[in-house]
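As structure tokens, the structure follows; a few thoughts come after it.
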Protein chains: 2
Amino acid sequence: MSEKTPALRRDAEHNRQRTLAAAQEVFAARGLQATLNDVAHHARLGVGTVYRRFPNKEALAEAVYAGKLDDIRATAQAALAGRDAYEALRAFLEHALEQAATDRGLRELIRQGTGDSEQIARARQGIVESCGHLIARAQEQGTMRDDITVDDIAPIVAMIDSVMDLPSTGAARPWRRYLALILDGLRTSAAHPGPRSS
Amino acid sequence: MSEKTPALRRDAEHNRQRTLAAAQEVFAARGLQATLNDVAHHARLGVGTVYRRFPNKEALAEAVYAGKLDDIRATAQAALAGRDAYEALRAFLEHALEQAATDRGLRELIRQGTGDSEQIARARQGIVESCGHLIARAQEQGTMRDDITVDDIAPIVAMIDSVMDLPSTGAARPWRRYLALILDGLRTSAAHPGPRSS
DNA sequence: ACCTAAGTGGATATGAAGTATCCGCTTATG
DNA sequence: CATAAGCGGATACTTCATATCCACTTAGGT
């Protein structure tokens with residue numbers, strides 16, 4: 001490790017944590033377009049203090065989300081161990097989207113396919129890879145339509161995301177309903193219920 | 001009609017049309033966030049000329065889209081005449097989303113539930129109303145799940161919209177595929193294919 | 001042809017927002 | 001207690017969109 005991290009003064013380290021915590025909250029609530037000034041104020045720190053530790057918003061966002069995203073990647077990989085691949089995929093998507101549901105910043109990070117750091121790109125790639133395996137296996141198991149591919153995952157996630165962004169009518173979380181609807185549509189049996197009724 | 005429209009000079013009227021046409025194109029391609037300067041330049045007119053006819057971007061957008069949206073409303077109303085309500089709804093949604101697919105500005109206008117002019121609000125309301133009738137009738141005809149309501153329409157449209165915004169991989173238009181998938185899920189027969197296989 | 005009100009262009013004033021720096025003051029720590 | 005590290009937050013910079021202004025051009029009536 002050639003990286004030198006000169007060890008922060010105790011108060012400085014404390015403020016670093018405050019900054020991260022505040023960023024977490026602010027990004028979750030208002031999205032990545034929140035300003036570092038917002039974050040600093042929320043942490044009850046001066047702007048300068050924040051800029052001293054994180055050169056810019058991107059760096060801060062990465063510090064906040066790299067771990068979270070890698071957790072998701074790990075969950076996806078763990079899902080590979082499941083017997084029923086379709087169910088494993090379903091459970092994984094529900095878990096991942098659950099995270100997204102409560103964190104607008106995460107949602108925006110996932111959505112923008114472009115310009116993410118190496119660390120985040122790697123997580124993204126790992127997730128896609130695991131989903132690919134699950135899809136292939138579900139198809140072998142005969143539980144998923146053969147015309148589904150990995151490329152369907154991103155659109156599906158995008159679709160559910162978009163429901164989350166909607167000014168929801170009830171206090172409910174209708175995204176689960178739609179996720180179920182869509183995933184149901186991916187099942188073999190539902191592909192086309194059959195010929196016209198008459 | 002107490003409205004006085006003092007009749008424009010011929011060249012002025014011509015430029016007004018150019019402005020509308022340019023706005024149409026620019027909004028369709030780059031969305032409503034395009035500036036009036038963009039529009040003016042695209043029409044090969046000075047900015048001042050555009051501002052002379054349209055006090056601001058909102059007014060221009062309304063002039064461009066009021067008609068388009070009302071056409072969609074009319075289509076929805078016409079769909080009420082169809083025998084098969086489910087099929088009529090499906091056809092209407094496909095038609096309306098076809099419009100949206102080629103016009104980013106229209107998409108943004110549809111998405112933002114807030115702050116639209118009276119004219120546009122009326123169209124929106126009419127569309128929702130017709131969809132409501134179609135849903136109710138399809139349920140009477142036994143072709144649609146009973147737990148679907150009008151409130152499901154907006155999320156479904158939002159979901160398909162989000163697919164359109166995606167940096168599409170192939171040159172294809174994958175939104176039709178997902179619309180079909182979702183609508184299939186609304187059918188009675190697909191509600192739940194049945195008990196577990198074993 | 002000529003007059004004048006209507007129209008035109010586009011440089012530019014205005015304003016809003018976000019980013020990032022600077023530097024006088026404070027505080028941890030050996 | 002010396003001093004390097006850290007802090008705060010006013011503010012300089014940018015960027016970008018909106019909207020205006022006014023010297024100049026032109027349609028169209030007489």
Side-chain angles (χ1 to χ4, degrees), chain A residues 3-23 25-65 104-105 108-109 112 115-117, chain B residues 3-23 25-65 104-105 108-109 112 115-117:
Chain A
E3 296 283 342
K4 286 199 180 185
T5 311
L8 296 176
R9 229 165 67 176
R10 196 171 304 171
D11 57 340
E13 176 58 27
H14 179 234
N15 284 338
R16 209 186 87 100
Q17 298 303 334
R18 285 182 70 80
T19 302
L20 283 169
E25 286 178 24
V26 171
F27 286 156
R30 296 206 273 286
L32 296 178
Q33 96 306 354
T35 73
L36 284 210
N37 286 31
D38 285 340
V39 172
H41 187 256
H42 193 77
R44 291 163 155 270
L45 294 171
V47 213
T49 305
V50 170
Y51 275 97
R52 169 169 288 270
R53 298 290 156 237
F54 303 94
N56 51 49
K57 190 159 67 184
E58 195 186 326
L60 179 55
E62 170 156 353
V64 168
Y65 287 112
R104 185 167 152 190
E108 288 170 7
L109 198 77
Q112 83 192 173
D116 31 36
S117 77
Chain B
E3 297 283 343
K4 285 199 181 186
T5 311
L8 296 177
R9 227 165 68 176
R10 196 169 306 170
D11 57 340
E13 176 58 27
H14 180 233
N15 284 338
R16 209 185 87 98
Q17 298 303 334
R18 286 181 67 80
T19 301
L20 283 171
E25 287 178 23
V26 171
F27 287 157
R30 296 207 274 284
L32 296 178
Q33 96 305 354
T35 72
L36 283 210
N37 287 30
D38 285 340
V39 171
H41 186 256
H42 193 77
R44 291 163 153 270
L45 294 171
V47 214
T49 306
V50 170
Y51 274 98
R52 169 168 287 270
R53 298 291 156 236
F54 304 94
N56 52 49
K57 190 159 68 185
E58 196 186 328
L60 179 55
E62 169 156 354
V64 168
Y65 287 113
R104 187 169 151 189
E108 288 170 8
L109 199 78
Q112 82 192 172
D116 31 35
S117 77

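Sequence lines set the chain letters: A, B, ... in the order given, protein chains first and strands last, and positions in each chain run from 1.
Rounded to an integer number of Å, the gap from CG of B/N15 to P of D/dT26 is 12 Å. One interatomic measurement links the two molecules: OH of A/Y51 to P of D/dA10, which rounds to 15 Å at whole-angstrom precision. Across the protein-nucleic acid pair, B/D38 atom CG and D/dT18 atom C1' stand 12 Å apart, rounded to whole Å. Distance CG (A/N56) to P (D/dT14): 18 Å, rounded to an integer number of Å. One atom, CG of A/L45, and another, P of D/dA5, lie 20 Å apart when rounded to the nearest Å. Protein atom CG of B/N37 is 14 Å distant from nucleotide atom C1' of C/dT14, rounded to whole Å. Going from atom CZ of B/R44 over to atom P of C/dG7 covers 23 Å, rounded to whole Å. The CZ atom of B/R9 sits 15 Å away from the P atom of C/dT4 (whole-angstrom rounding).
Minimum heavy-atom separation, B/R104 to B/R30: CZ-O, 3.6 Å. Listed here is the closest heavy atom pair of B/A43 and B/A22: CB-CB, 3.5 Å. Taking both residues in full, the closest heavy atoms of A/A63 and A/L20 are given as CB-CD2, 3.8 Å, listed atom of the first, atom of the second, then distance. What you find for B/L45 and B/R18 is that their closest heavy atoms are CD1-CB, 4.3 Å. Closest heavy-atom contact between B/A61 and B/F27: CA-CE1, 3.9 Å.
OP1 or OP2 of C/dG7 has not a single side-chain nitrogen or oxygen of B/T49 nearer than 4.0 Å. For D/dG6, one of the phosphate oxygens OP1 or OP2 lies less than 4.0 angstrom from a side-chain nitrogen or oxygen of A/R53. Residue A/K57 places at least one side-chain N or O under 4.0 Å from the OP1 or OP2 atom of C/dT19.
In terms of position along DNA chain C, the nucleotide closest to A/Q33 lies nearer the 5' end than the nucleotide closest to the other residue of the pair A/G48 and A/Q33. Both B/D11 and B/T35 lie near DNA chain D, and the one whose nearest nucleotide falls closer to the 5' end is B/T35. Comparing B/L8 and B/V47 by the nucleotide of DNA chain D that holds the closest heavy atom to each, the one mapping nearer the 5' end is B/V47.
Side-chain atoms of B/R10 and base atoms of D/dA27 include no donor and acceptor less than 3.5 Å apart.
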